[in-house]
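See structure below.
Predicted model only: the values in this text are computed from it and were never measured. Only heavy atoms go into these numbers, but all of them, side chains included; no hydrogens, no water, no symmetry mates. Position 1 is the first residue of the sequence, and the numbers go up from there.
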Amino acid sequence: AFLTAHHSLVNLSNLKKGNNLLIHSASGAVGLAAIQLARSVGAKLFVTAGNPRKRTFLQAMGCHFVSDSRSERFAQEVLEATNGHGVDVILNTISADFMPANLSILKPNTGTFVDIANLYNDSTLRLDFLNRGVSYHAFDLERILRTSKVFLTDTLKDIMEMFEHNILSPLPFRTYD
């Protein structure tokens with residue numbers, strides 16, 4: 001989870017202090033890791049989750065903007081919360097069906113969209129959104145790890161240093177019988 005979040009937010013998005021970041025399905029492992037990384041750089045968090053229990057969990061973690069990932073309503077709510085400016089970065093884990101809503105809130109010319117959900121599905125991605133000057137990234141972490149030992153070594157070193165300095169902490173978990 002931390003490898004995926006780090007690659008998405010640090011390597012691809014170059015997330016910075018003050019950036020608006022939307023994390024979809026933020027109550028999952030990658031989302032929770034992304035929340036910690038975003039807080040470590042001072043990004044402003046906007047998160048979604050698929051049911052009320054998960055949204056309540058995120059609010060209890062101190063996430064102030066929490067919306068429903070199963071409704072396009074999140075896009076309007078983000079625009080309202082940002083006075084129409086939208087977000088700098090989207091970490092996407094939801095269906096390609098929500099791509100138009102996502103892209104409608106991504107800042108033109110500087111926005112970065114990182115898609116970790118739709119790499120291997122059969123959906124067709126229209127590329128006309130690139131005319132807005134935004135960046136789009138999709139990746140297969142397993143493929144990267146197979147082909148780049150340097151990536152793995154460097155990224156794990158960065159992550160371990162963040163744990164050693166108490167910037168990151170282990171993710172919460174629940175055991176089921």
Side-chain angles (χ1 to χ4, degrees), residues 1-15 19-41 43-79 81-82 86-107 111-127 129-130 134-145 151 155 159 168-174:
F2 282 101
L3 276 172
T4 299
H6 187 280
H7 186 55
S8 299
L9 301 180
V10 176
N11 298 345
L12 298 177
S13 302
N14 195 25
L15 189 69
N19 283 164
N20 290 335
L21 167 66
L22 172 60
I23 303 170
H24 283 298
S25 306
S27 62
V30 172
L32 293 172
I35 288 170
Q36 289 188 42
L37 285 165
R39 286 179 170 162
S40 76
V41 299
K44 183 172 181 183
L45 286 170
F46 299 83
V47 299
T48 68
N51 67 50
R53 187 174 54 99
K54 292 176 181 179
R55 290 190 290 276
T56 300
F57 169 71
L58 291 168
Q59 288 168 335
M61 286 184 53
C63 295
H64 300 292
F65 178 92
V66 182
S67 190
D68 186 356
S69 62
R70 296 186 181 164
S71 164
E72 290 185 359
R73 189 174 59 244
F74 73 84
Q76 185 58 40
E77 292 172 353
V78 166
L79 286 175
T82 61
V87 295
D88 300 286
V89 178
I90 297 175
L91 178 55
N92 186 56
T93 58
I94 61 177
S95 165
D97 296 338
F98 293 100
M99 188 67 84
N102 272 316
L103 294 173
S104 74
I105 61 174
L106 190 60
K107 287 184 180 177
T112 302
F113 188 91
V114 181
D115 195 349
I116 62 172
N118 296 297
L119 189 58
Y120 295 114
N121 69 19
D122 290 331
S123 64
T124 302
L125 178 63
R126 293 184 45 93
L127 298 179
F129 69 90
L130 293 175
V134 299
S135 300
Y136 176 87
H137 300 277
F139 65 92
D140 178 340
L141 188 60
E142 182 181 339
R143 191 177 299 160
I144 294 170
L145 295 177
F151 167 83
T155 305
I159 292 169
L168 300 177
S169 59
L171 298 177
F173 65 92
R174 178 178 288 167

Item to complete: Could you tell me the separation between the CG atom of Asp97 and the CZ atom of Arg70, rounded to the nearest 0.5 Å?
Response: 13.5 Å

Worksheet item: Roughly how far, to the nearest 0.5 Å, is the CD1 atom of Ile23 from the CD1 atom of Ile35?
Response: 5.0 Å

Worksheet item: Just wondering, do Phe74 and Asp68 contact through their side chains at under 4.5 Å, heavy atoms?
Response: no

Item to complete: Considering non-hydrogen atoms only, spot the tightest contact between Met61 and Arg39 and give its length.
Response: O-NH2, 3.0 Å

Practice prompt. Check the pair Lys44, Phe65 against side-chain contact (heavy atoms from CB on, under 4.5 Å), reporting the backbone distance first and the verdict last.
Written response: CA-CA 9 Å; Lys44 183 172 181 183; Phe65 178 92; over 6 Å; no

Worksheet, complete the sentence: Rounding to 0.5 Å, atoms CZ (Phe2) and CD (Gln36) come to a distance of 4.0 Å

Response to the item:
Residues Ser8 and Val114: closest non-hydrogen pair is OG-CG1, 3.6 Å

Worksheet item: Just by modelled atom types, is the Ser25 backbone N or O under 3.5 Å from a matching donor or acceptor in the Thr48 side chain?
Response: yes

Worksheet item: Tell me, do Asp115 and Met99 make a side-chain contact under 4.5 Å, heavy atoms counted?
Response: yes

Practice prompt. To the nearest 0.5 angstrom, please state how far the NE2 atom of His137 sits from the OG atom of Ser13.
Written response: 6.5 Å

Worksheet item: Where is the tightest heavy-atom contact between Leu58 and Ala49, given as atom of each residue plus distance?
Response: CD1-CB, 3.7 Å

Worksheet, complete the sentence: Rounding to 0.5 Å, atoms NE2 (His6) and CG (Leu37) come to a distance of 6.5 Å

Worksheet entry | Sole candidate of Leu22, Leu12, Leu15, Val30 that passes side chain to side chain contact (heavy atoms under 4.5 Å, CB included) when paired with Leu91 | Val30

Worksheet item: Shortest non-hydrogen contact from Ala26 to Val47?
Response: CB-CB, 3.6 Å

Practice prompt. Please report the C-alpha distance between Thr155 and Asn11 in whole Å, then the side-chain angles of each, then the deciding distance to 0.1 Å, and finally whether the side-chain contact (heavy atoms from CB on, under 4.5 Å) criterion is met.
Written response: CA-CA 9 Å; Thr155 305; Asn11 298 345; 4.1 Å; yes

Fill in: Side-chain donor-acceptor pair present, Thr93, His24, cut-off under 3.5 Å
no

Discussion item. Please determine whether side-chain contact (heavy atoms from CB on, under 4.5 Å) holds for the pair Ile116 and Phe139, giving the CA-CA distance in whole Å, both sets of side-chain angles, and the decisive distance to 0.1 Å.
Written reply: CA-CA 7 Å; Ile116 62 172; Phe139 65 92; 3.7 Å; yes

Discussion item. Using 0.5 Å steps for rounding, measure from the CZ atom of Phe113 to the CG atom of Asp88.
Written reply: 14.5 Å

Worksheet entry | Ile90 and its side chain to side chain contact (heavy atoms under 4.5 Å, CB included) partner, picked from Asn20, Thr112, Leu21, Ile105 | Ile105

Worksheet item: Hey, does Leu32 have a side-chain heavy atom less than 4.5 Å from the side chain of Pro172?
Response: yes

Worksheet item: Looking only at heavy atoms, which two atoms of Pro100 and Ala96 are closest? And how far apart?
Response: CD-O, 4.2 Å

Worksheet, complete the sentence: Residues Ser27 and Lys54: closest non-hydrogen pair is OG-CD, 3.3 Å

